[in-house]
Undergrad: 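Quick one: the structure is below, questions incoming.
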Amino acid sequence: SKNFIDKYDIKQVKNTYVISGFMITKENFIQSTLDDIYVETGSNSGKFTTVQVPINNFDLFLKNESIEYFQVAEKVKTN
């Protein structure tokens with residue numbers, strides 16, 4: 001819905017809507033499990049990695065047992 005898109009950092013990339021966030025992975029994490037569902041990984045900061053997950057694959061991403069924690073990014077509010 002528009003309210004969901006407005007609240008969270010959802011963007012359209014190459015005709016696909018993606019949701020951005022931060023994840024922490026377990027030691028048994030294998031990058032190809034995200035590549036298979038077209039998740040883009042970004043920068044690392046400590047144990048956090050930024051990700052962009054296609055909305056259509058969001059449920060598969062959340063079912064990945066090697067992801068310990070995920071937080072959806074919220075849009076930055078300006079004054």
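We count residues from 1, following the sequence as given.
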Undergrad: Say whether Val51 and Val72 are linked into one hydrophobic cluster, either directly or through other cluster members, by side-chain heavy-atom distances under 4.5 angstrom.
TA: yes
Undergrad: Would you find more than 12 non-hydrogen atoms of other residues, nucleotides or ligands less than 6.0 Å from Phe22 atom CZ?
TA: no
Undergrad: Please give me the minimum heavy-atom distance between Asn57 and Ile37, naming the atom from each residue.
TA: ND2-O, 2.7 Å
Undergrad: Are any of the side-chain heavy atoms of Val53 and Leu62 separated by less than 4.5 Å?
TA: no
Undergrad: Rounded to the nearest 0.5 Å, what separates atom CD1 in Ile24 from atom CD in Gln71?
TA: 9.5 Å
Undergrad: I'd like to know whether the aromatic ring centres of Phe61 and Phe70 sit less than 6.0 Å apart in this structure.
TA: yes
Undergrad: When you compare the side chain of Val18 with that of Gln12, does any pair of heavy atoms fall below 4.5 Å?
TA: no
Undergrad: Can you sort out the partners of Lys26 under salt bridge (Lys or Arg N to Asp or Glu O under 4.0 Å), two or more places apart, ordered by chain and number?
TA: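 By the salt bridge (Lys or Arg N to Asp or Glu O under 4.0 Å) rule, Lys26 matches no residue at all.
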Undergrad: Is any side-chain heavy atom of Ile55 closer than 4.5 Å to a side-chain heavy atom of Ile19?
TA: yes
Undergrad: For the pair Met23 and Asn64, evaluate side chain to side chain contact (heavy atoms under 4.5 Å, CB included) and give the outcome as yes or no after the intermediate values.
TA: CA-CA 11 Å; Met23 71 174 181; Asn64 187 325; over 6 Å; no
Undergrad: Output, in order, the C-alpha distance, side-chain angles, deciding distance and verdict of side chain to side chain contact (heavy atoms under 4.5 Å, CB included) for Lys11 and Gln52.
TA: CA-CA 9 Å; Lys11 300 173 186 153; Gln52 287 188 329; 3.9 Å; yes
Undergrad: Could you check if a side-chain atom of Leu34 sits within less than 4.5 angstrom of a side-chain atom of Thr41, using non-hydrogen atoms only?
TA: yes
Undergrad: Membership question, hydrophobic clusters at under 4.5 Å side-chain separation (ILVMFWY): are Phe48 and Phe29 in the same one?
TA: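 No, Phe29 does not connect to Phe48 through the hydrophobic network.
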Undergrad: Taking the side chain from Thr50 and the backbone from Ser43, do they hold a donor-acceptor pair closer than 3.5 Å?
TA: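 Yes.
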Undergrad: For the residue pair Asn28 / Ser66, report whether a side-chain donor-acceptor contact shorter than 3.5 Å exists.
TA: no
Undergrad: Evaluate Val13 against Thr16 for side chain to side chain contact (heavy atoms under 4.5 Å, CB included), listing each step before the verdict.
TA: CA-CA 5 Å; Val13 178; Thr16 301; 5.7 Å; no
Undergrad: Going from OG1 on Thr33 to CG on Leu60, what distance comes out if it is rounded to the nearest 0.5 angstrom?
TA: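 So the gap between those two atoms works out to 11.0 Å.
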Undergrad: Measure the OG1-CD distance between Thr25 and Glu65 for me, rounded to the nearest 0.5 Å.
TA: 14.5 Å
Undergrad: Is there a path of hydrophobic side-chain contacts, each under 4.5 Å between heavy atoms of I/L/V/M/F/W/Y residues, joining Tyr17 to Tyr38?
TA: no
Undergrad: Does Glu40 have more than 12 heavy atoms from other residues, nucleotides or ligands lying within 6.0 Å of its CD?
TA: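 For Glu40, atom CD is not crowded (no more than 12 foreign heavy atoms under 6.0 Å).
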